[in-house]
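Structure first, commentary second.
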2 protein chains.
Amino acid sequence: MLTVLEPEVCCAPLASAAVPAEAAADLAASFKALGDPVRLQLMSMIASADGGEACVCDLTPAFDLTGPTISHHLKVLREAGLVESDRRGTWVWYRANRTRLAALSALLAIGAPTA
Amino acid sequence: MLTVLEPEVCCAPLASAAVPAEAAADLAASFKALGDPVRLQLMSMIASADGGEACVCDLTPAFDLTGPTISHHLKVLREAGLVESDRRGTWVWYRANRTRLAALSALLAIGAPTA
DNA sequence: CCCCTAGGTTGACAGATTTCGAAGCAGGCG
DNA sequence: CGCCTGCTTCGAAATCTGTCAACCTAGGGG
């Protein structure tokens, strides 16, 4: 059974083979994190940011939400392994974990129906 | 519930441009549906099933959950536009919406950092 | 027509999520 | 040192979710 201890998630495309239960728990956690409009936008803003990094100070004012709330959503993304943060002087910068995104993308990639 | 207006969801890869708020809500709904281990496994079992279809009667016994609970999860996947169902005599068959999966996969596909 | 099986619907409830305001910590500036 | 600003953590309220037991519906036999 594939261990989830690996930094890279695992697994052949959804449509190729059933995802084992342990892996499902790990992968579902990442999808769950993306399953909120605010977090999906945060994720896209970070991933598409100039230089590959975005400052919280630029993210927060883009939403009609308080600072603590944005901070909470960023924490969820962090704990899901989708972003990494890094304090640099006064500001905190976030960047996307592209390896993780690629793994999720590959999982959903489709092939022809099996049969 | 949230009906998907467009057959194809939209949007360039996450890392290419920020996802607009409206699209984010629609897309996040699909990720949210995948954000549960049981649903992710159901999705993979359906998508990888022989002939591209799976009968509920084969899905239910694969989990330590009651029928109503599986039925609920399948409903969530259906409402997220990820699967379609089809009664055929006594049994109900589910198949994956590959177009939708492809759209989600494309969204998470990564390119080089912008800049 | 009656009943049996496969699934879906309803109602209920414990536990998780989203969101906020208030308070805390870290770094820079006067 | 003292204080401001940026971000995170804490505590609390409203809402949403996962799950089950109980009940209902559709099809296929006796």
Side-chain angles (χ1 to χ4, degrees), chain A residues 19 21-22 24-43 45-46 49 53-96, chain B residues 1-2 21 24-46 49 53-95:
Chain A
V19 175
E22 274 186 32
D26 184 51
L27 293 161
S30 285
F31 285 125
K32 187 175 187 176
L34 294 174
D36 179 286
V38 173
R39 286 195 293 266
L40 189 57
Q41 286 181 83
L42 282 170
M43 191 70 222
M45 290 171 74
I46 293 168
E53 295 187 315
C55 171
V56 177
C57 59
D58 289 329
L59 298 173
T60 304
F63 299 87
D64 196 16
L65 293 170
T66 64
T69 299
I70 297 297
S71 190
H72 161 70
H73 284 305
L74 288 171
K75 182 182 191 177
V76 173
L77 289 173
R78 232 184 304 129
E79 289 176 341
L82 289 166
V83 300
E84 281 154 31
S85 67
D86 180 5
R87 170 161 226 134
R88 212 168 301 152
T90 306
W91 299 283
V92 176
W93 296 82
Y94 278 78
R95 83 196 81 75
Chain B
M1 198 124 288
L2 244 252
D26 184 51
L27 292 161
S30 285
F31 285 124
K32 187 174 186 178
L34 293 174
D36 178 283
V38 173
R39 285 196 294 267
L40 189 58
Q41 287 182 81
L42 282 170
M43 192 69 221
S44 80
M45 291 172 72
I46 293 167
E53 294 187 314
C55 171
V56 176
C57 58
D58 290 328
L59 298 173
T60 304
F63 299 87
D64 198 16
L65 293 170
T66 63
T69 299
I70 297 297
S71 192
H72 161 69
H73 284 305
L74 288 171
K75 182 182 189 176
V76 172
L77 289 173
R78 232 184 303 129
E79 287 175 343
L82 289 166
V83 299
E84 283 154 29
S85 67
D86 179 5
R87 170 161 226 132
R88 214 168 298 151
T90 307
W91 299 282
V92 177
W93 296 82
Y94 277 79
R95 81 198 83 78

Whichever of A/T90 and A/K75 has its nearest DNA chain D nucleotide further upstream toward 5'
A/T90
B/W93 CH2 to C/dG7 P, straight-line distance once rounded to whole Å:
9 Å
About how many Å separate CG of A/L77 and CG of A/L34, when rounded to the nearest 0.5 Å?
7.0 Å
Rounded to whole angstrom units, what separation is found between the CD atom of B/E79 and the C1' atom of C/dG8?
12 Å
Nearest to side-chain heavy atoms of B/D36, which nucleotide of D/dG18, D/dC7, D/dA21
D/dG18
Find which nucleotide of DNA chain C each of B/V56 and A/V76 is nearest to by heavy atoms, and output the residue with the more 5' nucleotide.
B/V56
Under the criterion side-chain contact (heavy atoms from CB on, under 4.5 Å), I'd like the reasoning laid out for A/M43 against B/F31: C-alpha separation, chi angles, the key distance, then a yes or no.
CA-CA 13 Å; A/M43 191 70 222; B/F31 285 124; over 6 Å; no
Would you please confirm or rule out a distance under 4.0 Å between OP1 or OP2 of C/dA6 and any side-chain N or O of B/Y94?
no
Return the nearest nucleotide to the side chain of A/P68; candidates are C/dG7, C/dA22, C/dT18.
C/dA22
State which of C/dT9, C/dA16, D/dC7 makes the closest approach to the side chain of A/K32.
C/dA16
Give the nucleotide from the list D/dG18, C/dC20, C/dT18 with an atom nearest to the side chain of A/H72.
C/dT18
OP1, OP2 of C/dT19 versus side-chain N and O of A/H73: anything below 4.0 Å?
yes
Rounded distance in Å - CG (B/L74) to C1' (C/dT9)
14 Å
Classify the nucleic acid contact of B/G67 as base, sugar-phosphate or nothing, counting any heavy atom under 4.0 Å across all strands shown.
nothing
Contact class for A/S71 vs. all strands (heavy atom < 4.0 Å): base, sugar-phosphate, or nothing?
base
Measuring from atom CD of A/Q41 to atom CD1 of A/I46, what distance do you get when rounded to the nearest 0.5 angstrom?
12.0 Å
B/R88 near the nucleic acid: base, sugar-phosphate alone, or nothing, with a heavy-atom cut-off under 4.0 Å?
nothing
Can you tell which of D/dG6, C/dC20, C/dT18 lies closest to the side chain of A/W91?
D/dG6
Sorted by position of nearest nucleotide on DNA chain C, 5' first, the leading residue of A/T66 and A/G89 is A/T66
Select from B/D64 and B/R87 the residue whose nearest nucleotide in DNA chain D is closer to the 5' end of that strand.
B/D64
What is the distance from CZ of A/F63 to C1' of C/dT19, rounded to the nearest Å?
15 Å
Quick check on A/D86: does its CG atom have over 12 non-hydrogen neighbours (other residues, nucleotides or ligands) under 6.0 Å away?
yes
Can you check the A/I70 CD1 to D/dT9 P distance for me, whole Å?
15 Å
Could you give the CG-to-P distance, from A/L65 to C/dT19, as a whole number of Å?
5 Å
Measure the spacing between NE2 of A/H72 and NZ of A/K75 and express it to the nearest 0.5 Å.
8.5 Å
Can B/L59 and B/L74 be said to form a side-chain contact (heavy atoms from CB on, under 4.5 Å), step by step?
CA-CA 10 Å; B/L59 298 173; B/L74 288 171; 4.2 Å; yes
So does B/T69 get a side-chain nitrogen or oxygen closer than 4.0 Å to the phosphate oxygens (OP1/OP2) of D/dG18?
no
